[in-house]
Structures are given as structure tokens and as C-alpha cells.
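Chain A is the first sequence line, chain B the second, and so forth, proteins listed ahead of strands; every chain is numbered from 1.
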Amino acid sequence: MPLETFHASDALSMGVELELQLVGDHDRDLASGAADLLELALRRAFPGDIKPEMTDSMIEVATGIHAGHDSLLTQLRTMRDALIDAAGRLNLSLCGGGTHPFQDWYERRIYAAPRFQQLSGLYGYLAKQFTVFGQHVHIGMPDADSALRVLHALNRYVPHFIALSASSPFSQGSDTHFDSSRLNSVFAFPLSGRAPFVLEWSRFEEYFEKMEDTGIVRSMKDFYWDIRPKPEYGTIELRVCDTPLTVERAAAIAVYLQALCRSILSGDEAPPLEDDYLVYTYNRFQACRFGLEGLIVHPRTHVAATLRDDIRATLERLAPHADALHGSAAFTSLRHMLDHGGNDATRLRAVHARTRNLLAVVDDAVAGFSE
Amino acid sequence: MEFEAGRILALAGWPAVLLAAWLAGEIAHRGLGVPRVCAYSLAGIVGSALITVQPAPQTATALLFLANFALALVLFELGHRISPRWLVTNPWILITGIVESLFTFVLVRWIALAFGQPDDIAMVIAALSVATSPAALVRVTNDLRCSGQVTERALHLCAINCLLSVLLMKGGIGYWQLIESGSLGSALWNSGATLAVSVGCGILAGVPLPWLLRRLRVDERGATTAFALAVMLLTLLTQGINVSPLLAALTLGVLTRRKRLLLAAAQRNFGVLGDLLTVFLFVFVAGIAVWPDSAIGLACAVLLSVGRIAAKMTATTALARVAGTSLRKGALTGLALAPLSTFALLLLEYSRGAGFGLADGSLSAIAGMVIIMEFIGPVFTQWALMLAGETQRAEER
């Protein structure tokens, strides 16, 4: 199947996808119920898109296309309320968080759909271990070349998004000492990592054709890159975020990406270079491991700074763009997060420190989702 | 020498049957894909046919206590899984439970009357038919590591129908006492106060126990041991004052769960203790069941069993959509409720202890249904859960 033509979309329009956990009421473990929840949610017109994911304890919801923060947040809240209502009728709870703190990957069941069964056949146990939950953000691009330029210019900011959204400190019953342990599951896939450094769409098409000829890939869906172009939507898709505990945080992160893209498209950022990626993996590791306290190295100046400081400075610099996009409320909430509570991983660890009980951690995540 | 052989048989016979039952269970589960509990029941029936030595009265009382304790542990675990909040969020679950129970009662009673059973015996048979065996259901769902709507609904409906079965049974006994003695007080005591005292005993243990375990910062393993001991205490206490140990254990399970004290995954089924007592429970119960003594008795048993499952499936299917699931899953939920016997027979034994004279007559009338559902019930449950795609076994295949 050849690569789709890049359909231009409204520049800087945005959409959000959230992968959510289905949690049983009686033991707070992940529960099988995706098919039941889908069936029930679709009985009434669901205020968004809803679909299954790799295992049957996961559900993915997606918003429509939005120009600004307010309408995006309104739809996210409406979808959340509809989901909570449907889940309640099935004795299920829903929550965000990049991983479930104590689920056993072996207990998971692959969702009964041909694509997931095929992926399970290919990836073996990795497929069940892929029961992790991410937020994907789409930003509309005016044309294909701009999409690739923005995609690569964002490389330096990828750790920001990991640190801001990190909500997976616990995995398989233990504290991983990572703020985002979810991405360790993603790295295990052979086609994960970063997109090849090409800045023209025609060269990207050549790359795709070559990969297709090898028989390894059939569509863009086979690439698990941190950011990938989505030609059928005319967007770039950021995929490194854990699903935050609240829809408010999810909307704020989307607006942060929108403002960054606006800044890049307006020429505020230096054009991307392949050497920018020399520090990419190291910086990404720092963000996963230490969250906002991670120490990243600037790809050009080689100056080290904590993610907290770097994000704070970036928020300052992007403020005019946020204002122009009517997203200043989102920026205020991100600043508050940096100055006070910290990310969701910090919140979950605090609950565990207080209760010494991973069930209480899930309880807090469930409560957070309906906040 | 003959005396010695008899004595040795009396001493070692039942432990040997238990060991054989466990082995048969493993072969059935791993080799044949049949629920373990079916094999335990088979071993119990064979064992009771081979070992004709009757236990001394004190031993019989101890065995009944042990069976009650085993079932109380199961009821505790069932209570642990029950979410009263769900019954409020989705009242159609509770309504389904009530409709399913009452429809089963009415249909089974009608069939029993059609087969010429006296009215009072028909009523007792119908009351006992309402209950799904929590032991079989919990065991099958644990063995197959089930998760999903059919599992969840079957467990909740089981708790509801067990409760209603006790109420109907108590109502029956109360009615009988009213007829026999003309004492309305005695009748009311049996039907209402017994329920209140049983639940009260559960609350009495269920309130301080979580508080104590939290204060002592007991780990999950320790909590499981404490739960088991509390259930044992409740069983002795309630059996001593002639109320229901099963309802008390169910109440304790619900209360401890509300306090977020959970059985760890490794301790589900109460670990090795639960495994051992489950084998004993099914062997013991199968041992006291008897085959129907005539072809008509057998036909009656088959029809009662068919009617019972049909009633449950009809009710759960009819209310499936409004209760938030598909018609198919509704029907499978009804099918999963098929297991009968352990609960019914222990209720019967209990009512005999309470001086309910009809029990013996009921026992022989219900025996065929028990024998049939002893084997087929858990198989139906397994089918239902596999067809719903809620078992790990289905995934592994």
C-alpha cells in the first residue's frame, strides 16, 4: 500500500487521543471490558471517537478537530462524563496514568480483532506488555514539508512532553524509579524511536517505499516513532506522552504543543539539524527517569539545565503564541504544576508514600480522572 | 483382623477419597478441560458408595461444621467481590437478581407440583433451586482466571439469589412452624430475625477486624489468615445460635472489601487452605446426596433442572439490554448460574438441624436434581464463560 498523499489541514488545529485504563471495582486490577464498554457507549451517540486497543482492558478515545483550548477541553470533559457513566453501569472504573501500578501482563487478553491478533502473533509477549496508556496529540500542518520540518524541530522538546505528562512510576507491583516507565515498553518495539532525518516529503516517500519493499512495514501505523507524520489527517502526531490523570492536564499539554508548533512555523526556531539528535536519546532517558528534575543537554549550546527550568523558560518565551491561540489558561495551569504539585508521577508516589498501598494509588487515579 | 480392617478403613478411607478427589480434579482440569469440582463430586459419590461405615454423631457434627466453614470461606470471598455501589449505579442488576430468583422459584414449584409433590415439599425444592452454588461458581471463575461482564454479573446475581434462597427457605420454615405450632412468634423469628442476627454477626466481626488489621499494619498474607480465622469464629458462633453462617460470612466479605482490605491475588480461594477445604466440601456434599429411586424421580429431576436453568436464562436474557449488556451475554450469564447443590444441601442439612421435619422428604425429592447439577452445572458455567471469551484458557488456546 503506497504512502497516502499528505492532505493539508487547518494549520495548528489540534486533536487529542487518550488511551485509558479499565479498572475493576472489586480489586482495582485491570479488568476485561473494552468490548462491553464500546457496545454500551455507542448505544447513545458518543461525543467523540471511541475504539479498542491492543488488550481488552484498554480503550482509546479521540476528540474532533479543535482550534483552541476551550473547545478541546469541553469535548474532553463531555467524553469523560459519558465514559464514566457507561463504565459505572458495567461495574468498571476508568483512569489515566501511563501504566497500571500492579497489573500482571500475563493476565491480559488481546482484543478480539484481526489487527491486534496479527500484532500479537508478530510481537509475542511484547503485545501483552504493551498494555500501557498514552496520550497522542495531532497538530494540523499547512503542507507536507512543513510537517517534516516541525516534526524534526520538535526533537529538542520531546523530553518536555515526557516530563510534563509522566504518570507511570509503578509497574508490575513495584516502583520503577522512573517517572515514565511506559516508554520502556514502547522502546522494545523494533520500529520505535525517531523518524528518519529527511525534511522533504518527496524524500520521505522514497524512504517509505524502500521500507515497504523490505516487507517490514505496510502502513504508517507500523512505525511507533515518538513523532510521526499522519498524511491522511494532514497532521504530525506526538506519541511520547503518558495519559495524564486529568483531562485538564491532557488539554494543557496539547496547547503547549500547539504553541510550540506555531513558534516553529513562524520561524522563531533555528532549522533542525541531524546533529540535534546526538543528545536526543540521552535527554529522553533523563525525562523518563527523573521527570521534571531530569538534566537535559541543549543540542546546540551543550548547556545542561533541569527540565523544570527549561520548560519554565519555554513557557515564558511561548506566552505570546499561547495568547494568540487563546491558550493562556493552559499555560497558567502548566506553570502552576511546575511551581507547586509537580507531575502526575509525583502525585502517585505521594499517595503511595502516605498509604503504602498500590490500591490506594489506583483509587487516586480513578478519583483524578473524574475530578 | 476383620475389626482392624474396618477400623483402618474408617480412619483412612475418607482422607484417601479426598486425595483421589484432588488427583481426579487435576486430571479433569488439565487433561479433559472439565472443571475440577465435577471430579471432586464424582469422587464423593464413589467414596460414599464404597465406605459404608457411618461416622459417630460427634464426627458428623464436626464434618458439618467443616463443610459450613468451607462454604463460609467461599461466601466471604464472594462478598469480597460484591459491589453494593454497582447495585445502586445500575439498579437493573438487582432487579435482574430478584426477577431471576422469583421466576426460578415459581417455575420450579410449578414443575414439582405437576409431578405430584406435596405443596410444602414443592415449596422447599423451589426455594433451594433459587440459589446458585457459590462454591462451584467462585471455584470455576478462579480456576479459569475469568474477567468480564458475564463473570461479574453471575457473581453478583449468585449473591442475590443465595440471599433470596435463604429468605424463601426461612419463610418456608416459618410457615411450617406457624402451621405446626400456631406460634406466629416462632415463625417470625425464623423468617426475619434469623436474617437480621446472621447479618448482625457479620457486622460485629466486619467492623472491628479491618480497623485492627490496619492498626497492626498486617500484610496481605497475614490479613488472609485473619480473615480465615474470623470466618471460622463466625461459623461456630452462628451455627451455635442456629442462624446462617453463610449470610454472616457474606456480610463480613462485603464489609472488609469496603475498607479496601483485599485478598491478594496469590491468596484468592484462600490459597492452600481454600483448595483443601474445597475438595472436602464437594466430596462431603456429594457424599450426602442420593440417587433418585425411580424412573419418575429421575424424570422429575431432569425436568426440574431444565426448568431451573430455563427460568434463569429467560430472566437474565429478557433484562440484559436494560441492564447494560447484550442479549447473548445476558443468556450466558443465566447459563453460568447453573451450578446447584452445595449451598442447597447445606441449607437443607441446617434446616434439619433446626427441626424442620419436611427436610427429609425434600432431600429425596431434590436428590436427583442435585446429582445432575453437581456435574453439569459447573460445566455449563465453564461453557458460558468460555463462550463469552472471559477465560484465560480461551486466550491460551
Side-chain angles (χ1 to χ4, degrees), chain A residues 22-44 52 55-57 84-93 102-113 116-117 120 125 127-128 172-173 351 355-364 366 370, chain B residues 77-93 144-153 155-156 214 217 219-220 223 253-254 256-268 320-330 385 388-396:
Chain A
L22 297 183
V23 173
D25 189 71
H26 74 285
D27 58 3
R28 285 303 194 212
D29 199 352
L30 285 181
S32 301
D36 300 290
L37 186 61
L38 268 171
E39 201 258 334
L40 199 54
L42 292 173
R43 275 192 202 174
R44 300 171 195 170
T55 62
D56 67 2
S57 308
I84 289 175
D85 182 53
R89 294 186 66 200
L90 300 171
N91 205 24
L92 293 170
S93 298
F102 60 86
Q103 63 104 6
D104 182 351
W105 68 267
Y106 178 75
E107 297 284 334
R108 302 285 64 85
R109 298 203 294 256
I110 300 296
Y111 190 87
F116 298 128
Q117 298 291 338
S120 172
Y125 87 119
K128 285 190 179 184
Q172 303 293 310
V351 174
T355 61
R356 314 305 305 167
N357 186 345
L358 287 176
L359 267 78
V361 173
V362 182
D363 275 343
D364 184 72
V366 168
S370 57
Chain B
E77 193 173 347
L78 180 65
H80 223 69
R81 287 202 59 154
I82 298 306
S83 166
R85 199 181 60 183
W86 190 27
L87 305 181
V88 176
T89 314
N90 187 352
W92 285 103
I93 301 295
L144 300 176
R145 306 203 302 282
C146 294
S147 169
Q149 280 303 297
V150 173
T151 309
E152 205 67 13
R153 282 162 198 257
L155 288 167
H156 279 75
R214 277 194 195 288
R217 287 180 170 265
D219 63 11
E220 285 160 334
V254 172
T256 50
R257 196 193 84 119
R258 279 176 62 81
K259 299 289 178 190
R260 279 268 172 263
L261 282 168
L262 297 182
L263 285 172
Q267 303 293 315
R268 273 181 202 164
R321 292 279 300 172
V322 285
T325 191
S326 61
L327 293 178
R328 181 172 180 271
K329 289 203 171 174
L385 296 168
E390 296 187 3
T391 65
Q392 280 293 339
R393 179 176 281 247
E395 167 83 354
E396 283 153 13

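Of all the listed residues (B:K329, B:R153, B:H156, B:R321), the one sharing the greatest number of non-hydrogen pairs under 4.5 Å with chain A is B:R321.
Taking CD1 of B:I82 as the reference point, atom CG of A:N91 lies at 9.0 Å (rounded to 0.5 Å). B:S147 OG to A:E107 CD: the interatomic distance, rounded to the nearest 0.5 Å, is 9.0 Å. With rounding to the nearest 0.5 angstrom, the CG atom of A:L92 is 7.5 Å from the CD atom of B:E152.
In this structure, B:L155 and A:H26 have side chains that are not in contact, with every pair of non-hydrogen atoms separated by 4.5 Å or more. Using a 4.5 Å heavy-atom threshold, the side chains of A:R109 and B:T391 count as separate.
Here the closest non-hydrogen pair linking A:S93 and B:R85 is OG-NH2, 4.4 Å. Shown here for B:S83 and A:D25, the closest heavy-atom pair between the two residues is OG-OD2, 3.0 Å. In plain terms, the two heavy atoms of B:W86 and A:R89 that are nearest each other are NE1-O, 2.9 Å.
Of the atoms belonging to A:L40, it is side-chain heavy atoms, and not backbone ones, that fall under 4.5 Å from chain B.
No donor-acceptor contact under 3.5 angstrom links the side chains of A:D36 and B:Q149, judged on distance only.
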